[in-house]
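Naming: A, B, ... by sequence-line order, numbering from 1 per chain. Keep in mind that what you see is a predicted model, and the values were worked out from it rather than measured.
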2 protein chains.
Amino acid sequence: MDNEADVIPVRQASPLRCAPVVNPRITRSREALLNAARELLLQGGPDAITVDAVAARSGVAKSTLYRHWATRDELVVDLFDHIKPPMIELDPSLPVVDALRLFGRQLAATVGDPEWQCMTPALLLMKLHQNNFAEIETRMQEQQRAALDAVLQRGIDEGVLRADATSDTSFTLLIGPFIMASLLGVVTVDDAFADAVTDHFIEGHRARAVV
Amino acid sequence: MDNEADVIPVRQASPLRCAPVVNPRITRSREALLNAARELLLQGGPDAITVDAVAARSGVAKSTLYRHWATRDELVVDLFDHIKPPMIELDPSLPVVDALRLFGRQLAATVGDPEWQCMTPALLLMKLHQNNFAEIETRMQEQQRAALDAVLQRGIDEGVLRADATSDTSFTLLIGPFIMASLLGVVTVDDAFADAVTDHFIEGHRARAVV
DNA sequence: GATGAACGCTACGATACGGTATCGTTGTGT
DNA sequence: ACACAACGATACCGTATCGTAGCGTTCATC
């Protein structure tokens, strides 16, 4: 007698037993797959992330891949959520101008990374034509934005910066040159460039003497 | 006896008789195909440009498509070379500041166009992983750059701008905010935004009184 | 109106890819 | 040592896509 409870094929997005103690083999195969997918993305773009290629490169069987993610798209979403750049921390004890300069240099290092340069156009493109990626990219921004705004607000409070320094337009004025320099490659994104951009921003937003 | 001259199957990149007077049907089918490819690019990204889809949408037969381009990739290259934004002209009779403001507004209109917003990430991505697209994108830049530099140089000569206004870094400072605003969409790219960016650039590059 | 280039139609082949299914093997936790 | 979850290998199916081939049709030009 066929008991249906034995037959249901566990179709799901494969939670794979996220039990209190995880089987080490699970994380091993998962990270091997993600790492292979990342390498393929860097080398050949998003289209290079095929299930066969990921399985072959990672040394993990394709069947195991589908035990981690139900579809190939879920793997890609997971990948982009996994390799997004680390938050840039801002030291509140530093003077505002120095904190901004440090932020600029760290931002330059982030966007100057080839991984970022390759990931960003892919993310922008998928954000346009797929629905799963819009939130990933916005989350990435908002985190950076919040940390930056805190420092800028401190500069406003201390009378160093104008009151509009935290506006969207000002945010674009500061970050935009980094983005462009990295994506288009017209100029190398090094510390000197970072300082130039940051200083240009600060000068343009310096609080004038009372009128 | 098989005369080889009769057998060679015209395999080439299909020049299609670019005779003194072109057959109007050639340009008609060609532009119908390019237009369909453009629409597909806007709607679904580069991957949506399939030969079958282009043929179906344009109403032109697939065999005719291959009479214009030897491969699908050649069509895509031709497309990106065809829809690149028009040069922004700069009136030399205007005062430098006004000319720059006008340039900013025109640039805002260009990069604010959905077609540009969709084409650019695709172009950046293909530039990374294919060889045919690197030159297209650089040509696009250099043209704009030359026209802009002419105005900036005039500003330097007239004593309005600092001597480094035509440097790569300064170029990035002016254009970067436009690029970022358009690609990431944090702020709407309108005339007000353009004026803010342009004025910020001018203020940061204004020639100081002699020290 | 005759000629031939350009075109439309359609079927086909080859390949790549996403995803499924099966079954034997390994190794982890008890 | 034992049970079972996780894994590996492989074959397979359906489909999408690029590109080719053949042949009949239309239309611009002389």
Let me know, please, whether A61(A) or V51(B) comes out on the 5' side of the other along DNA chain D by nearest nucleotide.
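First, find each residue's nearest nucleotide; the 5'-ward one identifies A61(A).
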Carboxylate-amine/guanidinium proximity below 4.0 Å for R101(A) and D191(A):
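No.
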From [atom1] of [X] over to [atom2] of [N], roughly how many Å is that when rounded to an integer?
X      : N       : atom1 : atom2 : answer
D52(B) : dT20(D) : CG    : P     : 14 Å
L75(A) : dC17(C) : CG    : P     : 15 Å
R30(B) : dG8(C)  : CZ    : P     : 16 Å
I26(A) : dA6(D)  : CD1   : P     : 4 Å
I49(A) : dG18(C) : CD1   : C1'   : 14 Å
L65(B) : dT10(C) : CG    : P     : 17 Å
R67(B) : dT20(D) : CZ    : C1'   : 12 Å
Y66(B) : dT20(D) : OH    : P     : 7 Å

Determine whether a donor-acceptor pair (one donor, one acceptor, N or O, separation below 3.5 Å) exists between the side chain of [X] and the base of [N].
X      : N       : answer
S63(A) : dA9(D)  : yes
K62(B) : dG19(D) : yes
R28(A) : dG27(C) : no

With heavy atoms under 4.0 Å as the rule, sort R72(A) into base, sugar-phosphate or nothing.
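Sugar-phosphate, no base atom in range.
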Is it the case that the side chains of T50(A) and D52(A) hold a donor-acceptor pair, with the cut-off being a distance below 3.5 Å and no angle test?
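Per modelled atom types, D52(A) and T50(A) side chains form no pair under 3.5 Å.
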Taking the inter-plane angle between the rings of H205(B) and H200(A) on a 0 to 90° scale, is it parallel (under 30°), tilted (30 to 60°) or perpendicular (over 60°)?
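Aromatic pair H205(B)/H200(A) classed tilted.
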T64(A) vs dA6(D): side-chain N/O to OP1/OP2 distance below 4.0 Å:
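Looking at the OP1 and OP2 atoms of dA6(D), neither is under 4.0 Å from any side-chain N or O of T64(A).
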Answer whether the closest heavy-atom distance between the side chains of L41(A) and E115(A) falls below 4.5 Å.
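Answer no - side chains too far apart.
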Pick the closest DNA chain C nucleotide for A53(A) and for R25(B) by heavy atoms, then say which residue is nearer the 5' end.
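Mapping each residue to its closest nucleotide by heavy atoms, the 5'-most match is R25(B).
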From D190(B), D195(B), T110(B), residue fulfilling side chain to side chain donor-acceptor pair (under 3.5 Å) relative to R105(B)
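When D190(B), D195(B), T110(B) are each tested with R105(B), the side chain to side chain donor-acceptor pair (under 3.5 Å) holds only for D195(B).
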